[in-house]
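As structure tokens, the structure follows; a few thoughts come after it.
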Amino acid sequence: MINDIQEIILTPEQIRNQIKELGLKISSDYQSDPPLLVGILKGALPFLADLMRSITIPVIYDLMAVSSYGASTKSTGTVRIIKDLDIVIENRNVIIVEDIVDTGLTLQYLVENLRSRKPKTIKVCTLLDKPSRRVAPIQPDYNGFEIPDVFVVGFGLDYAEKYRNLPYIGVLKEKIYQNT
Ligand code: IMP
Ligand code: MG
């Protein structure tokens, strides 16, 4: 797998430290009214797992799955809910936990969809942000790292379901996805 990676841009240690910071920030912001973390499968799973353990106040979490790119590196903009929440979010403080905000189309759909269920508040926490590619006006409230316009994998992020288990975040060699 390492042969498919052009460059490691975030090491496990950098990721760990930054998630710790995000957890402390969320803990202090939500002290009086603990949040419900909504992890977006599958990419956000490692991030969610580390983030919730960095949060020092009581939290609960649930999971949602939405359709992604398939075996392509470009967003289609069409979002479909594949697995919905089990928990009713009405009157709760929701934090959507995502792996990366790219065009923002996925989150735009998700925020709109969840907002219609009348949560008390709704915020977005993402591990990575690629602001240069934004199409929808989505601004994460909590962000781990801003990255340039490169296709990255690892720490939950995939290309055609591969590389999610890499402990770092790396740029995928272009030849791997050239013909998709
Ligand atoms: P958006 O709707 O364009 O913001 O895309 C969000 C989703 O696209 C993320 O949840 C990822 O699954 C996927 N994605 C966007 N950029 C990358 C990347 O660089 N590597 C892997 N997946 C990505
Ligand atoms: Mg994906």
Side-chain angles (χ1 to χ4, degrees), residues 1-12 14-15 18-19 22 37-52 61-85 94-116 122-180:
M1 267 194 314
I2 184 82
N3 292 329
D4 299 348
I5 304 301
Q6 185 179 306
E7 187 196 352
I8 293 173
I9 57 167
L10 296 167
T11 66
Q14 285 176 300
I15 299 169
Q18 190 61 13
I19 294 178
L22 288 174
L37 307 178
V38 172
I40 309 304
L41 293 172
K42 300 175 218 172
L45 189 70
F47 177 41
L48 175 71
D50 285 353
L51 181 68
M52 71 170 115
Y61 76 91
D62 201 353
L63 300 165
M64 235 175 138
V66 295
S67 59
S68 65
Y69 300 4
S72 158
T73 60
K74 296 271 166 348
S75 183
T76 56
T78 321
V79 181
R80 211 158 42 88
I81 294 177
I82 291 162
K83 184 220 170 292
D84 208 338
L85 297 172
V94 171
I95 304 179
I96 302 176
V97 179
E98 252 288 32
D99 52 0
I100 186 167
V101 189
D102 187 24
T103 63
L105 291 169
T106 307
L107 270 171
Q108 174 169 261
Y109 172 84
L110 276 172
V111 168
E112 221 166 273
N113 182 289
L114 295 186
R115 192 166 275 148
S116 72
I122 184 157
K123 292 205 170 170
V124 171
C125 177
T126 185
L127 180 61
L128 305 175
D129 187 10
K130 247 193 239 179
S132 58
R133 296 205 356 122
R134 200 74 92 253
V135 173
I138 288 287
Q139 178 78 28
D141 302 281
Y142 302 95
N143 174 36
F145 303 93
E146 200 171 287
I147 64 165
D149 182 13
V150 286
F151 194 79
V152 292
V153 293
F155 210 88
L157 290 122
D158 75 308
Y159 171 65
E161 297 300 328
K162 265 180 86 180
Y163 313 106
R164 291 195 199 274
N165 62 314
L166 292 175
Y168 50 79
I169 288 169
V171 178
L172 191 63
K173 282 184 183 165
E174 236 171 86
K175 66 166 194 218
I176 308 289
Y177 59 82
Q178 236 160 31
N179 301 314
T180 62

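We number each residue from 1, following the sequence as shown. Order of appearance sets the numbers: ligands from 1, and atoms from 1 within every ligand. When reading the values below, keep in mind they use all heavy atoms of this one structure, side chains included, and skip hydrogens, waters and symmetry mates.
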Answer with side chain, backbone, both or neither: which part of Arg133 has a heavy atom less than 4.0 angstrom from an atom of ligand 1? neither
Just to be sure I read this right, does ligand 1 sit under 4.0 Å from the backbone of Leu157, its side chain, both, or neither, counting only heavy atoms? side chain
Heavy atoms, side chains only, cut-off 4.5 Å: are Thr103 and Arg133 in contact? yes
Residues 136-147 vs salt bridge (Lys or Arg N to Asp or Glu O under 4.0 Å), sequence neighbours excluded, gives none
At a 4.0 Å cut-off, with the gap strictly under it, does some heavy atom of Val153 reach an atom of ligand 1? no
Should you measure from each heavy atom of Thr103, which atoms of ligand 1 turn up under 4.0 Å away? 1 (P), 2 (O), 3 (O), 4 (O)
Hey, does Leu128 sit under 4.0 Å from ligand 1 if you only count heavy atoms? no
Using the side-chain contact (heavy atoms from CB on, under 4.5 Å) criterion, which residues pair with Asn165? Sequence neighbours excluded. Met1
For the residue pair Tyr159 and Phe151, does the interplanar ring angle fall in the parallel (under 30°), tilted (30 to 60°) or perpendicular (over 60°) class? perpendicular
Answer yes or no for Gly104: is there a heavy-atom contact with ligand 1 below 4.0 Å? yes
So is Val135 in contact with ligand 1, going by heavy-atom distances below 4.0 Å? no
Quick check: do Leu127 and Ile19 have side-chain heavy atoms less than 4.5 Å from each other? yes
Mark up the atoms of ligand 1 that fall under 4.0 Å of a heavy atom belonging to Val150, in ascending order. 19 (O)
Check: Arg134 and Val101 side chains under 4.5 Å, non-hydrogen atoms: yes
Using a 4.0 Å heavy-atom threshold (strictly under), name the region of Asp158 that reaches ligand 1: side chain, backbone, both or neither. backbone
For Val101, is at least one N or O under 3.5 Å away from an N or O on ligand 1? no
Asp62 side chain near Lys83 side chain, heavy-atom distance below 4.5 Å: yes
Quick one: does Val152 get an N or O within less than 3.5 Å of an N or O on ligand 1? yes
For Asp99, the ligand 1 atoms with a heavy-atom partner under 4.0 Å come out as 9 (C), 10 (O), 11 (C), 12 (O)
Decide yes or no for Ile5 and Leu166: does some side-chain heavy atom of the first lie under 4.5 Å from some side-chain heavy atom of the second? yes
Just which atoms of ligand 1 are under 4.0 Å from any heavy atom in Glu98? 10 (O)
Tell me, do Phe47 and Ile100 make a side-chain contact under 4.5 Å, heavy atoms counted? no
Under 4.0 Å to a heavy atom of Thr106 - the qualifying atoms of ligand 1, by number: 1 (P), 2 (O), 5 (O), 6 (C)
